[in-house]
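Following: one structure in structure tokens, then a few remarks.
Numbers here simply count residues along the sequence, with the first being 1.
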Amino acid sequence: MAKSVMMVVFVLPNSLRRWVSGKSEVKVFAVGADEETPPTLGSALDMLRRTHPLLEERLRDDYGRIRRHINMIVCGENARGLGSLDCAIPPGAEVYVMPALA
């Protein structure tokens with residue numbers, strides 16, 4: 001059974017670029033559970049862990065949740081309001097990573 005796969009672009013603020021050689025964007029492939037299920041933010045972060053582990057550990061805590069001082073914006077919405085790590089990633093999605101504002 002084939003799984004759905006799509007490219008996800010993480011757009012990074014200056015403060016996180018040092019862990020990816022100064023790049024403003026990091027592209028990864030996210031994989032869905034099956035061909036009917038779209039990939040999630042969690043699956044994209046899992047792939048990011050494999051390709052850029054130093055960056056990913058600054059985005060998620062020891063329990064695998066998005067760190068509370070980090071916001072991830074998917075399709076103009078904060079991922080926390082869309083299901084956090086279970087947020088479905090649409091084709092061609094860009095995930096904007098932003099430090100949380102006080």
Query raised in the report: What residues form a side-chain hydrogen bond (donor to acceptor under 3.5 Å, both in side chains) with E25, not counting sequence neighbours?
Result: none
Query - Flag side-chain contact, heavy atom, 4.5 Å: R60 against L85 - result: yes
Query - Backbone N/O of G81 and side chain of N78: donor-acceptor pair under 3.5 Å - result: no
Report task. Give a yes or no on whether the backbone of L54 and the side-chain of R58 come within a donor-acceptor separation of less than 3.5 Å. Result -> yes
Query raised in the report: Under 6.0 Å from the CE atom of M47, do we count more than 12 heavy atoms belonging to anything else shown?
Result: yes
Query raised in the report: How many angstroms lie between CZ in R80 and CZ in R65, if you round to the nearest 0.5 Å?
Result: 10.0 Å
Query raised in the report: Say you draw a straight line from CZ of R18 to CG of L55; how long is it, rounded to the nearest 0.5 Å?
Result: 11.5 Å
Query raised in the report: Does any N or O in the side chain of R17 come within less than 3.5 Å of the main-chain N or O of L12, such that one atom is a donor and the other an acceptor?
Result: yes
Requested in this report: For I89 and P38, work out which heavy atoms get closest and say how close.
Outcome: O-CB, 4.2 Å
Query - Euclidean distance, M98 CE relative to L16 CG, rounded to 0.5 Å - result: 11.5 Å
Requested in this report: Decide yes or no on side-chain contact (heavy atoms from CB on, under 4.5 Å) for R67 and L59, but give the supporting numbers first.
Outcome: CA-CA 6 Å; R67 291 189 181 274; L59 303 179; 6.0 Å; no
Query raised in the report: Are any non-hydrogen side-chain atoms of V28 and F10 less than 4.5 angstrom apart?
Result: yes
Query raised in the report: Are any side-chain N or O atoms of T37 and backbone N or O atoms of G32, one a donor and one an acceptor, separated by less than 3.5 Å?
Result: no
Report task. Kindly indicate whether the side chain of V26, heavy atoms from C-beta on, has any atom under 4.5 Å from the side chain of V9. Result -> no
Query raised in the report: Is V11 close to V97 at the side-chain level, that is, under 4.5 Å between some pair of heavy atoms?
Result: no
Query raised in the report: What distance separates L82 CG from E77 CD, expressed to the nearest 0.5 Å?
Result: 5.5 Å
Query - Test salt bridge (charged side-chain N to carboxylate O under 4.0 Å, His left out) applied to D86 - qualifying residues, sequence neighbours left out - result: none
Query raised in the report: Do the side chains of S4 and V31 get nearer than 4.5 Å, heavy atoms only?
Result: no
Query raised in the report: Going only through I, L, V, M, F, W and Y residues with side-chain contacts under 4.5 Å, is there a path from W19 to I66?
Result: yes
Query raised in the report: Should M72 and L45 count as side-chain neighbours, where that means a heavy-atom distance under 4.5 Å?
Result: yes
Query raised in the report: How far apart are the closest heavy atoms of V74 and A79, and which atoms are they?
Result: CG2-CB, 4.3 Å
Report task. Indicate whether any N or O donor in one side chain lies under 3.5 Å from an N or O acceptor in the other, for S43 and D46. Result -> no
Query - Interatomic distance, S84 atom OG to L41 atom CG [nearest 0.5 angstrom] - result: 7.0 Å
Query raised in the report: Should V5 and M7 be regarded as members of a common hydrophobic cluster, given that ILVMFWY residues are connected when their side-chain heavy atoms come within less than 4.5 Å of each other, either directly or indirectly?
Result: yes
